[in-house]
Participant: 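Handing you a structure now.
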Amino acid sequence: MPTAPGATARPAAGRPARAHLADLLVPWFDAAARDLPWRAPDVDPWAVLVSEVMLQQTPVARVLPAYAAWLDRWPTPGALAADSPGEAVRLWGNLGYPRRALRLHASAVAVVERHAGSLPTTVQELLALPGVGDYTARAVAAFAYGQRVPVVDTNVRRVVARAVEGQAGAPVTRRDLALVESLLPEEPARAARASIALMELGALICTARAPRCPDCPVQRECAWLAAGRPAPSTPARRSQTWTGTDRQARGRLLQVLRDDAGPVEPERLDRAWEEPVQRQRALAGLVHDGLLVRGADGRYALPG
DNA sequence: GATCCGTGGTA
DNA sequence: TTACCAAGGAT
């Protein structure tokens, strides 16, 4: 249950407020956290990795069914490694960024070849897996193995930028890792709990667009709130228009392959994206990325 | 560091 | 409707 307002001692005079954050965050998390399958106490480390890769730039609601289907079909790295990368791309469905499916498959192969089929446990070894970067490696180390490592994603960056630094936006630097580590309790399991609580706070309360400060467990410690919730000093860059981009073309083309059981005729792809120069460029890119292959007969297929 | 890489929900 | 946004990674 959350700590009642007023029942928690304020930090001693002169003590940095940030040292106090975890004490407020963890009880809040215990009461308010979403019940997500990859947070189950007995969840397999491989399942945690699958969830983390799927959650890269993808909302929880869309990951939930894909996560269940994926682990039902491939409960272990060995099971995935024994299947084709094309099947991984197919089951990836509409999650977006399908190269993640390819890299997850490649990670499964690497785990079988280099780690006897068991996901490695150190950040360094996890970082060596394809598609696993700074965030994902530390997320697995903390959430699957209970290690005391800073986990810095977009939620944590935003929470720390506001609550600790008092800014609406903060630069992405290596300093973030050291700063977040300074927020973590010493005991590893509690540190991991604090890490997931930081992320959850960013996802549920300290959101990008309309933060719910009145519901925030650290509102009394928040530098951004104390400063009157100042707007970002640097305006956000304009995002690329979507219609007509190579990304849209690639998505349309790959969708044809996903939704069909076998190789498809080039004419099918002509209809999926009519502009020939861009279509060719997109197809070449997909082939280059290993997301599809072109047979000797000119038909395209997912990689076998 | 800037750019590319999908998809769909939301205000 | 447009623009932003959602647990990043690779180049």
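Per chain, numbering begins at 1; letters A, B, ... match sequence-line order.
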Participant: Quantified in whole Å, what is the P atom distance between nucleotide B:dC4 and nucleotide C:dA7?
Facilitator: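 Each nucleotide's P atom is 23 Å from the other's.
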Participant: B:dT7 base to A:Arg247 side chain: any donor-acceptor pair below 3.5 Å?
Facilitator: no
Participant: Less than 4.0 angstrom between a side-chain N/O of A:Asn94 and OP1 or OP2 of B:dG8, yes or no?
Facilitator: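 Yes, because at least one side-chain N or O of A:Asn94 sits under 4.0 Å from OP1 or OP2 of B:dG8.
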Participant: Indicate whether the side chain of A:Tyr135 and that of A:Glu52 have a donor and an acceptor atom separated by less than 3.5 Å.
Facilitator: yes
Participant: Before we go on, tell me: are the rings of A:Trp74 and A:Trp46 under 6.0 Å apart, centre to centre?
Facilitator: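 Aromatic pair excluded; centres sit 6.0 Å or further apart.
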Participant: Is the distance from OP1 or OP2 of C:dA7 to the nearest side-chain N or O of A:Arg100 less than 4.0 Å?
Facilitator: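 No, A:Arg100 has no side-chain N/O under 4.0 Å of OP1/OP2 on C:dA7.
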Participant: C:dG8 and B:dG1: how far apart are their C1' atoms, nearest whole angstrom?
Facilitator: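 Taking atom C1' in both C:dG8 and B:dG1, they lie 15 Å apart.
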Participant: Nearest to the side chain of A:Gln56 - B:dC5, C:dA7, C:dG8?
Facilitator: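 Closest of the options to the side chain of A:Gln56: C:dG8.
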Participant: May I ask you to say whether A:Arg148 pairs ionically with A:Glu187, meaning some side-chain N is under 4.0 Å from a carboxylate O?
Facilitator: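 Between A:Glu187 and A:Arg148 there is no salt bridge, as every charged N stays at least 4.0 Å from the carboxylate O atoms.
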Participant: Side chain of A:Arg209, heavy atoms from C-beta onward: which of C:dG9, C:dC5, C:dA7 has the nearest atom to it?
Facilitator: C:dC5
Participant: Ignoring the backbone of A:Val60, work out which of B:dC5, C:dG9, C:dA7 is nearest its side chain.
Facilitator: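 For A:Val60, the side-chain atoms sit closest to C:dA7.
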Participant: Which comes earlier along DNA chain C counting from the 5' end, the contact point of A:Arg103 or that of A:Leu36, where each point is its nearest nucleotide?
Facilitator: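 Between the two, 5'-proximity favours A:Leu36.
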Participant: Need one value for A:Trp92: base, sugar-phosphate or nothing, where a base atom within 4.0 Å counts as base even if backbone is also close, heavy atoms only.
Facilitator: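 Nothing: the residue A:Trp92, judged by heavy atoms under 4.0 Å, touches no strand.
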Participant: Can you tell me which nucleotide in C:dG9, C:dA7, B:dG6 comes closest to the side chain of A:Arg62?
Facilitator: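 Nearest listed nucleotide: B:dG6.
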Participant: Could you work out the separation of C:dA10 and B:dG8 based on their P atoms and round it to a whole Å?
Facilitator: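 24 Å, rounded to whole Å.
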Participant: Under a 4.0 Å N-O cut-off, is there an ion pair linking A:Asp134 with A:Arg138?
Facilitator: yes
Participant: Taking only N and O in the side chain of A:Thr241, is any of them less than 4.0 Å away from OP1 or OP2 of C:dA3?
Facilitator: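 The answer is no; no side-chain N or O of A:Thr241 sits under 4.0 Å from OP1 or OP2.
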Participant: Decide yes or no for A:Arg62 and A:Met54: does some side-chain heavy atom of the first lie under 4.5 Å from some side-chain heavy atom of the second?
Facilitator: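 No. Closest side-chain heavy atoms not under 4.5 Å.
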Participant: Does A:Thr58 contact B:dG6 through a side-chain donor or acceptor facing the base, at a distance under 3.5 Å?
Facilitator: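 Donor-acceptor pair under 3.5 Å: yes.
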